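Heads up, the thing below is written out as structure tokens.
Letters go in sequence order (proteins before strands), and every chain restarts at 1. Note that the structure is a prediction, hence the values are computed from the model and not measured.
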Amino acid sequence: MFQVHVRTRINGDDTEFSCEADETLLDALRDRLGLTGAKEGCGTGDCGACSVLVDGRLVCACLMLGAEAEGCDIETVEGMADGSKLHPLQQKFLDHAALQCGVCTPGFLVAAKSLLERNDNPTEEEVRYWLAGNLCRCTGYDKIVRAVLDTAADMRKASKPKPAKAKKASAKGRVSA
Amino acid sequence: MVRVQVWGSLKPAIGGDDSVEVEGETINDLLKALSEQYPGMAEAVRRGVSVTVNGEMYANAVMVPVKPDDEVFILPKLVGG
Amino acid sequence: MNVQPDNKAMKRDFDIVGKRTPRPDGIDKVTGRARFGADMSMPGMLWGLVLRSPHAHAKIKRIDTSKAEKLNGVHAIVTSKDFGPCDDSLLDIRENVMAREKALYDGHAVAAVAAVSRSVARQALKLIKVDYQVLPHVTDVDEAMKPDAPVINDKLFTKGLDKTPKKPSNIAERFEFGHGEVEKGFKEADLVIERTFRTEATHQGYIEPHACVASMGADGRGEMWVCTQGHFMVRNTCAGLLGIDVSNLRVTASEIGGGFGGKTTVFIEPVALALSLKANRPVKMVMSREEVLRASGPTSSSSIDVKIGMKKDGTITAGDATLRYQGGAFPGSAVPYGAMACFAPYDLKNVRAIGWDVIANRPKQAAYRAPGAPMGAYAIESVIDELCRELKLDPIDVRLKNASSDGSKASYGPNFGVIGLKATLEAAKNHPHWKAKLGKNQGRGVACGFWFNFGGETSVSLNVNVDGTVGLSVGTPDIGGSRASIGNMAAEELGIPHDKVRCIIADTASLGYNDVTDGSRVTFASGMAAIQAARDAIGKLCERAAKIWGIPVDAVVWEKGHARPASPNAGKHEPLSLADIAAQAGATGGPIAGHCEINAEGAGVSFATHMVDSEVDPETGHVKILRYTVFQDAGKAVHPSYVEGQFQGGAVQGIGWALNEEYIYSKDGRLQNPGFLDYRIPVCSDLPMIDTVIVEVPNPGHPYGVRGVGETSIVPPLAAISNSVSDAAKVRMTRLPMSPPNVLKALGRI
């Protein structure tokens, strides 16, 4: 089948790949580039296991074509840690035992990172609604929500105290079905 | 002789009662004796059963010894999730 | 084999067991490095796809694959003809993985192709022509039992009746459990309530679809990479279906993205192997979510009648239940376990549970977490709740009054050993949740649940490495953190830090046979085997120390990770650590290892009590879960975080089952909601935090007192939530799911 040549930046690296015209970004990442951290749980944008950031927006990689990634800056779970130094969310997920089987974990981490970039002081309800596009069948979400709230608290402590009220999460930040 | 109790559906297979006495020193002996004496039991045993001895469940460890005063119960073969 | 109860060990203070240590697979799973089923590729690999029946019931007159075979890039096509004779015990599996004379449900596999890419494989599927003769179908359990229902299998004659019927039907078997005389018991009651309940089929809903890579060489030797709860089961089943020697098939279990019972059997695995055999190349197959829902193994739908009698003081005088479960197109629904488990929490003089195993034109059901038990518990616990309400009795006090306890006769026959039901009820009664105030349209429900728990065949190998670290190989795939709990038990026994033990899941060529990860057995059975293997290794470590010191081995003891002289008479020797002895292993006799092969018995049953507050919106019928607390006996919580995780996960799956999830079939027998948008599992914003109380009544059958915890947690939720909603809505709910339309119907609004 006809293939499209695509130039992107993935986790900071300039990356080129060819994919079929109707191939999803998820298949291109997984099968062409060996980035299998993003998972396919449904292929219809309902489970969030394939969550990635495209130009800073949270996207289900199964709902976007590989060809549409031309010129985009893509972040996946593989790019979250800084070398051997885990992202605070990754560490908190471990500390809180916020994973059991772990297949949804990459999606939750990417989605939670996107939340905390927009809102460093989310309420429990805000966390729950932001993560409502990510399905987990093992944990009942309890420990995941705690891990995200705890990360936010730590990150606030680490940064300088802000006098103004924390910015609210934008409902437009998330693209999914 | 060991008194062996069976789950309700097997009552017809052993003549209508819910228990029967058979000779044997292990679970295997009991299942063999029951199969020989009752054709209905032979089929059930072939399809697979779980056996409890004094409340302890044995799925396929048939060499477990049994004594005359033990409580032995035959149940359908269990599966789990 | 039965490990003798070690009462001292149970009372002792543990160094590692009971601690919340980091999980060994954690870093891989938070960085995307963990390799799940679909993450594997092999050189020269083809992609396999399955053609599935669009009909619920149809005769397959002809399959024409000629056009598809000619398509460039197609390397193999298989149909039922490629699956030859096999053992009787595998016949149903053989027919389920590939339809033979008839397609038995919407989604039943009919043919499969392997091609160079997914897109070529997709094109090839479109070129396969199947001539179907559509037959009448039935998907509902009560309809399937009617005398005039379409007969799905004309060789099926009901078993378990006094007389085998002369005519075939969809009723596979009748089961009966119980003791005493229920009619006499009902006469002694002050109030008897009789109700009928219905539950819909639900799916385990694991986020990772089934996936595998199969590679069969020209030399007749094969390898498989599979996401499964039991790679030894996959090996034996695939070898049996395709006539391969078991030793010629080596299966490696991938990381597994959830199973809950749904990955205890095979679906695409033998098909991938058959394609690989034919193409002589590795074949990868990954199910889509639609395929998972249409054609893997959901649970049964059910219809249940319950009659229970109670005295004014709360004594239950008799209980009688008839459970009807459809388990898809093949016999073997979980109805016997539902019938055995439903009255198990209560010590009853007169009790009877009858189960009917029914087939219907739906996918063959697979195990789902405590298979069959949640529906039975839902019906029984609902009627007990209603009796308490009518007689103005406290539902926890009534349950305590009738609760099974140590030595009482189980409703399904034998006597219980040491059990913790009353402890969970006491914990519930004393919890602040029980006394918290409720608002308008809000209600509270409680319910109890029971599951058997298993042991089973288990093989573990423990290698002491030169630097004093330990490699621990187990054969039970880790779904929820079992590598942490098993490794910690071995470390505890050896007396070394937990991070000196690395626990891995070994492939089928590297270890003796292991039963599937099911029946809440892994932390119990693999843990027991790991403890035994550690003791085996300790024996050898002591022998080496004896050799080094030149004293008899019985003059050496093992304490806190060191060999020490047993008494001053043994001479003055500096204690040798495990690392000290390991460093000299070569010089003192070679490698040091411990092994254990057991059929683990003594699993110890498990009970739970759940408490839930809900709010019903009378306008929309929407139910909101406000507060949820799980009280469950874990025997001994080896890793409390993962025990809590099992409690929380089971409760939330139960919330989904109770409120939203259901298989919806249209009149033509096709599944209408094969996707996560319409088959709606609970999402984060639906839920509150799930509180947990771990009760520990040690299991005498395990050296550390461990009981399985994985399954019991899904048994009480359906009933607890239904009781809560009934309290909030002031009307008794008798149908699941309690989705908005069903709630509005119950409220008489539509």
Side-chain angles (χ1 to χ4, degrees), chain A residues 1 20 22-23 27 30-31 34-47 49 76-78 80-81 86-87 89-91 93-97 99-107 109 124-125 127-146 177, chain C residues 20 22-23 25-36 38-39 41 117-120 204-209 255-260 286 288-290 478-481 639 641-642 644-653 655 675-677 681-687 689-692:
Chain A
M1 190 182 262
E20 292 178 9
D22 64 353
E23 193 170 316
D27 285 345
R30 290 178 53 83
D31 300 336
L35 291 169
T36 56
K39 308 296 177 192
E40 179 167 320
C42 66
T44 50
D46 298 315
C47 80
T76 71
V77 70
E78 285 94 341
M80 261 182 91
L86 294 180
H87 185 279
L89 273 165
Q90 292 173 310
Q91 189 57 50
F93 266 57
L94 296 179
D95 297 345
H96 283 265
L99 57 143
Q100 282 178 38
C101 81
V103 79
C104 69
T105 309
L109 287 167
E124 182 189 331
E125 194 175 10
V127 171
R128 287 187 178 279
Y129 275 88
W130 186 270
L131 297 178
N134 291 78
L135 299 181
C136 169
R137 193 60 156 172
C138 296
T139 65
Y141 305 101
D142 181 300
K143 293 181 191 301
I144 294 175
V145 174
R146 288 178 200 275
Chain C
R20 298 169 190 259
R23 60 190 289 160
D25 54 331
I27 299 279
D28 281 354
K29 286 187 170 165
V30 297
T31 55
R33 281 163 62 182
R35 286 177 306 160
F36 290 83
D39 298 340
S41 296
S117 69
R118 266 182 289 199
S119 55
V120 174
Q204 298 84 352
Y206 32 81
I207 305 301
E208 183 198 25
E255 291 293 341
I256 171 172
F260 314 107
V286 181
S288 67
R289 178 55 53 186
E290 180 183 335
D478 173 2
I479 310 190
H639 194 302
S641 296
Y642 295 115
E644 291 162 4
Q646 291 296 323
F647 292 4
Q648 292 165 335
V652 169
Q653 280 186 319
I655 290 171
F676 275 143
L677 189 61
I681 73 173
V683 303
C684 207
S685 54
D686 293 339
L687 300 164
M689 293 294 185
I690 308 295
D691 293 332
T692 56

Checking [X] against chain A: side chain, backbone, both or neither under 4.5 Å from a heavy atom?
X      : value
C:S288 : neither
C:S41  : neither
C:R35  : neither
C:A38  : both
C:Y206 : backbone

Nearest heavy-atom pair of [X] and [Y]: which atoms, and what distance?
X      : Y      : answer
C:V30  : A:L109 : O-CD1, 3.3 Å
A:C42  : C:F676 : CB-CD1, 3.9 Å
C:G32  : A:V77  : CA-CG1, 3.9 Å
C:F36  : A:G102 : CZ-C, 3.7 Å
A:G140 : C:L687 : O-CD1, 3.9 Å

Using only atom types and a distance under 3.5 Å, with no angle test, would you say the side chain of [X] pairs donor to acceptor with the backbone of [Y]?
X      : Y      : answer
C:R23  : A:L99  : yes
A:R137 : C:Q204 : yes
A:D142 : C:M689 : no
A:Q100 : C:G645 : yes
C:R289 : A:G41  : yes
A:Y141 : C:P682 : yes
C:E208 : A:V103 : no

Counting only non-hydrogen atoms closer than 4.5 Å, does [X] touch chain C with its backbone (N, CA, C, O), its side chain (CB onward), both, or neither?
X      : result
A:E40  : backbone
A:L135 : both
A:D95  : neither

Report task. Could you walk me through whether A:E78 and C:R33 pass salt bridge (Lys or Arg N to Asp or Glu O under 4.0 Å), step by step? Result -> CA-CA 8 Å; A:E78 285 94 341; C:R33 281 163 62 182; over 6 Å; no

Query raised in the report: How far does SG of C:C684 sit from CG of A:N134, to the nearest 0.5 angstrom?
Result: 8.5 Å

**Report entry** Point-to-point distance, once rounded to the nearest 0.5 Å, from CH2 of A:W130 to OG of C:S685
**Finding:** 13.5 Å

Given the options [options], which has more heavy-atom pairs under 4.5 Å with chain C than any of the others?
options               : result
A:T105, A:T139, A:T76 : A:T139
A:Q91, A:R146, A:H96  : A:R146
A:H87, A:E124, A:E23  : A:E124

Within a strict 4.5 Å, meaning less than it, do heavy atoms of the [X] and [Y] side chains meet?
X      : Y      : result
C:L677 : A:T44  : no
C:I256 : A:C101 : no
C:S117 : A:E20  : yes
A:L86  : C:I27  : yes
C:F260 : A:C138 : yes
C:T31  : A:Q90  : yes

Query raised in the report: Under a 4.5 Å heavy-atom cutoff, which of C:G205, C:P22, C:G258 has the most pairs with chain A?
Result: C:G205

Report task. Mind ranking C:G650, C:G259, C:A34, C:G480 by heavy-atom pairs under 4.5 Å with chain A and telling me who comes out on top? Result -> C:G480

Query raised in the report: Are A:K39 and C:D39 ion-paired here, with the side-chain N under 4.0 Å from a carboxylate O?
Result: yes

Report task. Apply side chain to side chain contact (heavy atoms under 4.5 Å, CB included) to A:R128 and C:D686, showing your working. Result -> CA-CA 8 Å; A:R128 287 187 178 279; C:D686 293 339; over 6 Å; no

